[in-house]
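Structure record follows, encoded as C-alpha cells.
Just so we're on the same page: letters track the sequence lines, and every chain starts at 1.
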Protein chains: 2
Amino acid sequence: MPAKDKSIRPARRSSVTSSAATVRDVANLAQVSTATVSRTLNAPDLVRPEVRERVSNAIQKLGYIPNDSARALRQNQTRFIGVVVPTLSYALYADFYAAVEEQLSALGYFPVLSTTDYDLDVEAEQITRLSRQGAQGLILVGRVRSSRAASYLAATGLPFVSTYATDPLGRDGTIGFDNEAAINEVVNHLASLGHRRIAMLSGLRSNLNDRAIGRANGFISAVRKHGIASPDWIFEGPYTIESGRRALCALLDRGIDATAIVCGSDMLAIGGLQECKARGIRVPRDLSIVGFDDLEIAAHIDPPLTTVAVPSREQGRLAAQAIVDLCNGRQCPPNAVLPTHMVVRETTAGPGG
Amino acid sequence: MPAKDKSIRPARRSSVTSSAATVRDVANLAQVSTATVSRTLNAPDLVRPEVRERVSNAIQKLGYIPNDSARALRQNQTRFIGVVVPTLSYALYADFYAAVEEQLSALGYFPVLSTTDYDLDVEAEQITRLSRQGAQGLILVGRVRSSRAASYLAATGLPFVSTYATDPLGRDGTIGFDNEAAINEVVNHLASLGHRRIAMLSGLRSNLNDRAIGRANGFISAVRKHGIASPDWIFEGPYTIESGRRALCALLDRGIDATAIVCGSDMLAIGGLQECKARGIRVPRDLSIVGFDDLEIAAHIDPPLTTVAVPSREQGRLAAQAIVDLCNGRQCPPNAVLPTHMVVRETTAGPGG
DNA sequence: ACACTGGATGTAATCCATTACATCGGTGCT
DNA sequence: AGCACCGATGTAATGGATTACATCCAGTGT
C-alpha cells in the first residue's frame, strides 16, 4: 500500500488552508469524480438521486461556491452584458438601467454598468474594458461614438445595441424613439396654440450628444416648416436645473421676447421655470414652457410641467431582450422605433394666457 | 524535417477560425514565448525594448485582447467590488454610486452594481451572486441584513463595508452618519422655533430598512426628550412624492393638527408640500416641513425645502477606499461617522408664521 | 448464452494567462 | 581560468470547472 495519493492531496487544500473549496474537495468528500459534481450542479438528471444527494450534502458541508471565472474560461461565456450610459444622476437613465437589469436577469444574464459622463472617449475606454472582461454584448446610449469605439466594435464583432436613437438605415441594432419627430410634435402643438416666437433650451451639442443634436435639429426643422421665429434661438447647457436658469437668463439678456420655450430636458425646463418665477414672469400666461423626458418630478412641480414622455423603461426591456437574442445568434438586427407622446399639463397655453 | 509542430498548431486557431487571439497566437507571431508576451503586458521592464516592440506589433496586428477570466482564475483576483444599493431611482443612491465608481476606478478596481428594491432577501441573493462571480469585496447599504446574508458573509469571510449607518460597537467596517442624531437636530431646531406639535412622515420600517428605522427612532426620542406632541404621529410610506401626498392626507384625516412635519426623505416632503398646496395649507405659515437628504431638487422647488444634507458622495468615496484597503489586507476595520447638517431654506418658520 | 444498448460514472483534455523555475550567454571578480 | 551572478527568455505547472470520450454494468433481445 504505497499511498492513497488521490485522497491525500486534495485534503491539504480543503482542511489545512481555509481557502475556498473546489469541485475536487466536494468530489472527494462525496466519493465521486469531479465530473459528477459538475453534473449534479448543471444537469442533475444525469445523476442518480442517491448520488446527487451525497454531492449536495458535501457541497453544503464545505460551503462550496463554484468559481465563475473558471466556468467562464472553459465555457467561453460570462452571461454578462455591459451597459454604458452617460450618467445615473439623470433619473431617466437610472430608470432605463433598472428596466435593463430586470429584463436581463429574467433572461439569466446580468448587467455590468459603467458611466461616461457624456464623454465619448470615456465611452470608448469603457467599451474596451467591458469587452476584455468578457462582456458578451453591450447596450449603449446613442448612435454616435468615437472612431476608436466604432472601429473596435467593428473589429471585434462584439454584439451591441444602441438606444435613445433611431437608425434610418437599420443596419445595426437600434432600439429607440425619434427625437426629431418628438420635438416636431411639440412645436406643432405650440404653433397650433398660436405661438409664433419660440425658442429652445438645448442640451450640449458640442460633445456630439446625438440626443441633444436630434432634438435641436427637430426644433430647427419644425420652426422652418412653420415659417416662424428664428432657428438660432437655441441656448445650450448641461441637463441640470442650474443650467436651465442660466440658459433662460442668457435668452432674456439677448432680448429675445419668445412666447414659448421648448426644452431638451425636464431639468432645463424646471430651471427655466425657476428663473421665470424669480423674475415675475408668469407661466404659462407670459411664457409657455415644454420639457422633455417626463421625469417623475415633472408632474409634481408648480405648475405641473407639460413635457414629452419617452419610453425609457420599455426601451430598456427591449434592448435587453435584443442583446440577448443577438448573443444567442438570432440574426435579426433588432430595430424598433417606439412612440413618444406629449403630456400636456399646465405650463402651456396660448400666447398671452 | 518532420514538422514544425509548434508553429503549425496555433496557426489553426489564429487564422482559420476567427475566434479571439490568445497569448499563444501573439507569441508565435512575435517569435517569442507566451511568458514574454505576458511580461510585455504586465512587467515591461523585464523585456528588452526591441522584443517588446515586436510583441506590441503582434498584439496590434492580431487585435489581441487578454481574457480576464483566465487572468482572474490564475491570479485569483478579479479587481471588482460588488456594490449593492436599494435602488437607483432615488437620486441619493445614484450619486453615492457615482462617487464609488470614481474612487474605485482611481484605485484600479471597478464596481459591479446590483439593486435590491429594499428587499433584504434580494440583497442576500445578490451578495451570493456577486461573491460567486468573484467579487473581492462588497459595499452594502445599511447594517441590517437577512440572516442568510449575515451568515454567508461570516462563513465566507468576504470583506465588506456597510454605509448609511453607524456601528456603535465598531466591529465591522461601517462608513456612515448618525440618522438618529440628524433627526434629533431637526426636532431641536423646530422646537427652538416654538413648535410643540410635530409629526413625522417616515419611510417604511416594516422591511427592516434601518435608515428609516433610525430616523423614526430619532424622532421618537427627540419628541420624548422635549416632552412634546405624540411619538406615535408617524406615517409611513415609500420614498416617493405620491406616497408623501398620501401620508399627509392620512395625517390630516386622523385629525392631527401638527404645526410641523419632519420627513424621512425629501421625496416624502415634496409630496407633503404638494398636498398642502392642493388643500390651501400655506407652508411655512400654517405648517413647517423638513425633508431629509438634500436632493438637488430640494433647493429648486417652491418654496425651497429645508432639509438635512447627508454626505452621500463622501461616503461613497470613503467606502471605496475602505473596501480596497480591506482587500489588500490592511486590518483597520474602517469606521467613520460623517457629519450631517441642516440646510434651512424656506419651508420652516415658527408656528403661525 | 452472447452481443448489444443505454444509463451512470470516471478519466483526462481543455479553456487562457500567469509565474516558478530552468536555461543560457555574458560580465566581472579573484 | 574559474566561479558567481545577472539579465533575458523559455518551459511547463498551475488555477477550477466543464465535457468529450472511455468504461463499466445491468438489462434486453434472440
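- What separates CZ of B/R48 from C1' of D/dT9 is a distance of 9 Å, to the nearest Å.
- Rounded to whole Å, atom C1' of C/dC15 lies 15 Å from atom CG of B/D68.
- For D/dG15, its base never sits under 3.5 Å from the side chain of B/R71 at any donor and acceptor pair.
- The residues A/E102 and A/R317 are annotated as not salt-bridged, no charged nitrogen and carboxylate oxygen being separated by less than 4.0 angstrom.
- Salt-bridge annotation for B/E53 and B/R48: absent, with no side-chain N of the basic residue lying under 4.0 Å from a carboxylate O of the acidic one.
- The phosphate of C/dT19 (OP1 or OP2) has a side-chain N or O of B/Q75 nearer than 4.0 angstrom.
- At whole-Å resolution of the value, CZ in B/R24 and C1' in D/dT11 are 13 Å apart.
- With hydrogens and angles left out, the side-chain atoms of A/Y97 and B/T115 include no donor and acceptor closer than 3.5 Å.
- Contacts of A/S69 with the nucleic acid, taken as non-hydrogen atoms under 4.0 Å apart, are absent.
- Side-chain to base pairing of A/R74 with C/dT14: one donor and one acceptor N or O lie within less than 3.5 Å of each other.
- Between the CD1 atom of B/I65 and the P atom of C/dA17 there is a distance of 10 Å, given to the nearest Å.
- Proximity of A/Y64 to the phosphate of D/dA17: a side-chain N or O atom is located under 4.0 Å from OP1 or OP2.
- Residue A/T22 places no side-chain N or O under 4.0 Å from the OP1 or OP2 atom of D/dG16.
- One finds a side-chain N or O of B/N42 lying less than 4.0 angstrom from the OP1 or OP2 phosphate oxygen of C/dT18.
- When each of B/R129, B/R143, B/R145 is paired with B/E123, the salt bridge (Lys or Arg N to Asp or Glu O under 4.0 Å) condition holds for B/R145 and for no other.
- Where A/A70 and A/V47 each meet DNA chain C at their nearest nucleotide, the meeting point lying more 5' is that of A/V47.
- Residues satisfying the ring-ring contact (aromatic ring centres under 6.0 Å, His included) test with A/F160, not counting sequence neighbours, are none.
- The distance from atom CZ of A/R54 to atom P of C/dA8 is 14 Å, rounded to the nearest whole Å.
- Among the protein residues, B/V37 comes within range of no part of the nucleic acid, since none of its heavy atoms lies under 4.0 Å from any strand.
- Closest to the side chain of B/V23, from the set C/dA17, D/dT11, C/dT11, is C/dA17.
- Taking side-chain N and O atoms only, A/R39 has no distance below 4.0 Å to OP1 or OP2 of C/dA8.
- The phosphate of C/dG10 has OP1 or OP2 within less than 4.0 Å of a side-chain N or O from A/T36.
- For A/R132 and C/dC16, the CZ to P distance is 16 Å, given to the nearest whole Å.
- Between B/L73 atom CG and D/dT14 atom C1' the separation is 9 Å, expressed in whole Å.
- When the P atom of C/dC15 is taken as reference, atom CG of A/N67 falls 18 Å away, rounded to whole Å.
- Comparing B/P49 and A/S38 along DNA chain D, the residue whose closest nucleotide (by nearest heavy atom) sits nearer the 5' end is B/P49.
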